[in-house]
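A quick write-up on the structure given underneath.
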There are 2 protein chains.
Amino acid sequence: MLSMKTQYAFKALMYLAQKDNGEPILIAEIAEKKNIPLKFLENILLELKKAGVLDSKKGKGGGYFFNQRPTDVRLAKIMRLIEGPIALLPCVSLNFYQKCKNCDERHCGLSNVMKEVRDATLLILENKTVADIAFINI
Amino acid sequence: MLSMKTQYAFKALMYLAQKDNGEPILIAEIAEKKNIPLKFLENILLELKKAGVLDSKKGKGGGYFFNQRPTDVRLAKIMRLIEGPIALLPCVSLNFYQKCKNCDERHCGLSNVMKEVRDATLLILENKTVADIAFINI
DNA sequence: GTTATATGCTTTCGATGAAGACGCAATATG
DNA sequence: CATATTGCGTCTTCATCGAAAGCATATAAC
C-alpha cells in the first residue's frame with residue numbers, strides 16, 4: 001500500500017493539472033478541495049518543487065504550478081520520488097537496489113517472482129503520466 | 001516495498017518447504033539460517049499457524065511444519081495475511097476496500113491506473129505458490 | 001514426576017511516518 | 001515604505017513498525 005504522502009502527492013498533482021491555466025494555485029485550496037492536511041501538503045509540494053516537477057511563487061497571487069508539462073511527468077517518477085522503491089523487495093529494485101543476505105538471487109524463487117511483479121507494474125507506471133490520470137472522463 | 005515482517009515470512013516458508021520431510025523444524029534454526037531476528041520470527045510463524053498454513057509441536061523434537069501443502073499456499077494469501085492489502089490504494093483493494101474521500105472512483109484516473117497495477121500483480125501472485133518459489137533451480 | 005527443550009504470550013524500547021503549532025522570509029499591491 | 005498574503009522552516013506530538021527481552025506454558029525423555 002502506498003504511504004499517505006504518496007497518495008496525497010498524486011491527488012495534488014491531479015488537481016493542479018486539472019486547473020492548470022498558468023496561474024499559481026494556493027496550497028490551501030488544494031488542501032481543502034482534496035482533503036489533505038495543510039502542513040503535510042506543504043512538505044509534499046516542496047519536494048516536488050525541489051525535484052523540478054513543480055514551481056512556486058511567493059506573496060499575493062502566489063502558489064504552485066507545473067514546471068514540467070503534466071504530459072511529461074510519468075507516475076513512476078512520482079512514486080520513486082515520494083514513496084521510494086517500486087519493487088516489493090530491495091533485491092529486485094532497479095533504482096534502490098540492495099543485496100540480499102543469505103540469498104543467491106540467481107537461484108532465489110522469491111526474487112524471480114517479485115521481478116515479474118516489478119516488470120508488470122513498471123510497464124503501467126512508466127507509460128502513464130499525470131496528464132493521463134487527470135483528464136480521464138469515462 | 002514489503003515490510004520486513006512479510007519478507008521474513010516468505011523466507012521462512014521457503015526454508016520450511018525446502019527442508020520439509022514431515023519432521024518439525026526449530027524456529028531457532030530458521031532464524032539462524034535465514035538471518036531473521038528470533039523473537040520477530042516467533043510472532044510471524046505464530047500468525048501463519050493461526051491462519052492454518054503452518055502447525056507446531058512443543059517440547060523436545062518440536063518445531064514448525066506445514067499444515068497445508070506448500071503447493072496449495074498461494075503467495076497472494078501470505079501477502080494479505082502478513083502485509084495486508086496487495087493493491088496500492090485502499091479504494092482499489094479487493095479484500096481491504098475503503099472508500100475514497102473527495103474522489104468519484106468511476107471517474108478517477110488514479111484509481112483506474114492502480115486497478116491495472118493490482119490486476120497485473122494478482123495475476124502473478126495468485127498463480128504462484130510457496131512450492132513454486134522454494135523449488136526453483138535455474 | 002522432574003527436567004530439559006520448545007513454543008506461546010506480554011511488555012518494552014527505539015525508529016520512522018503522519019500530522020499539527022508556531023514563527024520566519026519573500027513578494028505583490030497600495 | 002507599509003502591509004497583507006503566501007510559501008518556507010523548525011519543533012512537538014501521536015501512532016505504528018521493527019526488534020528484543022522476559023516470563024509462562026506445553027511436552028518428550030529419563
Side-chain angles (χ1 to χ4, degrees), chain A residues 1-12 16 22-51 53-67 79 81-85 88-90 96 98 101, chain B residues 1-12 16 22-32 34-67 79 81-85 88-90 96 98 101:
Chain A
M1 189 86 84
L2 297 182
S3 67
M4 293 311 296
K5 199 172 173 180
T6 311
Q7 296 182 38
Y8 290 154
F10 279 126
K11 292 206 169 185
L16 278 168
E23 297 292 302
I25 297 175
L26 291 185
I27 299 181
E29 180 186 338
I30 307 172
E32 190 208 338
K33 290 285 174 52
K34 305 304 275 184
N35 247 47
I36 304 174
L38 181 65
K39 284 299 179 180
F40 202 7
L41 181 58
E42 284 183 13
N43 262 304
I44 295 165
L45 295 182
L46 198 55
E47 277 188 50
L48 291 172
K49 176 185 174 180
K50 284 178 182 164
V53 176
L54 299 178
D55 202 356
S56 69
K57 232 174 88 177
K58 286 190 176 183
K60 189 166 189 179
Y64 271 93
F65 48 93
F66 275 97
N67 187 38
M79 285 273 291
L81 205 59
I82 308 292
E83 183 77 15
L88 295 178
L89 294 179
F96 300 83
Q98 280 184 307
K101 296 174 192 167
Chain B
M1 188 88 83
L2 298 181
S3 67
M4 294 310 297
K5 199 171 172 182
T6 311
Q7 296 183 37
Y8 290 153
F10 278 125
K11 291 207 169 183
L16 277 167
E23 298 290 304
I25 297 174
L26 291 185
I27 299 181
E29 178 185 339
I30 307 173
E32 189 207 341
K34 304 303 276 185
N35 248 48
I36 304 174
L38 181 63
K39 286 295 180 179
F40 202 7
L41 182 58
E42 284 183 13
N43 264 304
I44 295 165
L45 295 182
L46 196 56
E47 278 189 50
L48 291 172
K49 176 185 174 181
K50 284 177 181 166
V53 175
L54 299 178
D55 201 356
S56 69
K57 234 172 90 174
K58 287 189 174 184
K60 187 164 190 178
Y64 269 92
F65 48 92
F66 274 98
N67 187 38
M79 285 273 291
L81 206 60
I82 307 292
E83 182 78 14
L88 294 179
L89 294 179
F96 299 83
Q98 280 184 309
K101 296 174 192 168

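Numbered from 1 within each chain, the chains take letters A, B, ... in sequence-line order. The structure presented is a predicted model; accordingly, all values stated were derived computationally and were not measured. Side chains are part of it too, since the values below use all heavy atoms of this structure and drop only hydrogens, waters and symmetry mates.
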With a cut-off of less than 4.0 Å, is there a side-chain N or O of [X] near OP1 or OP2 of [N]?
{"X": "A:Lys60", "N": "C:dA26", "result": "no"}
{"X": "B:Lys49", "N": "C:dA6", "result": "no"}
{"X": "B:Tyr8", "N": "D:dG18", "result": "no"}
{"X": "A:Ser56", "N": "D:dC8", "result": "yes"}

Spacing between [X] atom [atom1] and [N] atom [atom2], to the nearest angstrom:
{"X": "B:Glu83", "N": "D:dG18", "atom1": "CD", "atom2": "C1'", "answer": "13 Å"}
{"X": "A:Phe65", "N": "D:dT6", "atom1": "CZ", "atom2": "P", "answer": "15 Å"}
{"X": "A:Leu26", "N": "D:dA4", "atom1": "CG", "atom2": "C1'", "answer": "14 Å"}
{"X": "A:Ile25", "N": "D:dG7", "atom1": "CD1", "atom2": "C1'", "answer": "15 Å"}
{"X": "B:Phe40", "N": "C:dG8", "atom1": "CZ", "atom2": "P", "answer": "17 Å"}
{"X": "B:Leu54", "N": "C:dA6", "atom1": "CG", "atom2": "C1'", "answer": "16 Å"}
{"X": "A:Asp55", "N": "D:dT6", "atom1": "CG", "atom2": "P", "answer": "17 Å"}
{"X": "A:Glu47", "N": "D:dG7", "atom1": "CD", "atom2": "C1'", "answer": "16 Å"}

Gap between atom [atom2] of [Y] and atom [atom1] of [X] - 0.5 Å precision:
{"X": "B:Ile36", "Y": "B:Met4", "atom1": "CD1", "atom2": "CE", "result": "8.5 Å"}
{"X": "B:Met1", "Y": "A:Leu88", "atom1": "CE", "atom2": "CG", "result": "8.5 Å"}
{"X": "B:Leu46", "Y": "B:Ile27", "atom1": "CG", "atom2": "CD1", "result": "8.5 Å"}

Could you please name the option among [options] that lies closest to any side-chain atom of [X]?
{"X": "B:Lys57", "options": "D:dA28, D:dT6, D:dG18", "answer": "D:dA28"}
{"X": "A:Leu46", "options": "D:dA19, D:dC8, C:dG8", "answer": "D:dC8"}
{"X": "B:Met4", "options": "D:dA19, C:dG8, D:dT6", "answer": "D:dA19"}

* Please tell me which of A:Glu42 and A:Lys58 maps to the more 5' nucleotide of DNA chain C, matching each residue to the nucleotide holding its nearest heavy atom. =>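 Nearest nucleotide further toward 5': that of A:Glu42.
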
* Specify the residue among B:Asn43 and A:Lys5 whose closest nucleotide of DNA chain C lies further upstream toward the 5′ end. => B:Asn43

* With no angle test and no hydrogens, is the base of C:dG8 tied to the side chain of B:Lys50 by a donor-acceptor pair under 3.5 Å? -> no

* Tell me what A:Ile27 touches on the nucleic acid: a base, only sugar-phosphate, or nothing, going by heavy atoms under 4.0 Å. => sugar-phosphate

* salt bridge (Lys or Arg N to Asp or Glu O under 4.0 Å) between A:Glu47 and A:Lys50, worked out -> CA-CA 5 Å; A:Glu47 277 188 50; A:Lys50 284 178 182 164; over 6 Å; no

* Test side chain to side chain contact (heavy atoms under 4.5 Å, CB included) applied to B:Leu2 and B:Met79, step by step -> CA-CA 9 Å; B:Leu2 298 181; B:Met79 285 273 291; 3.5 Å; yes

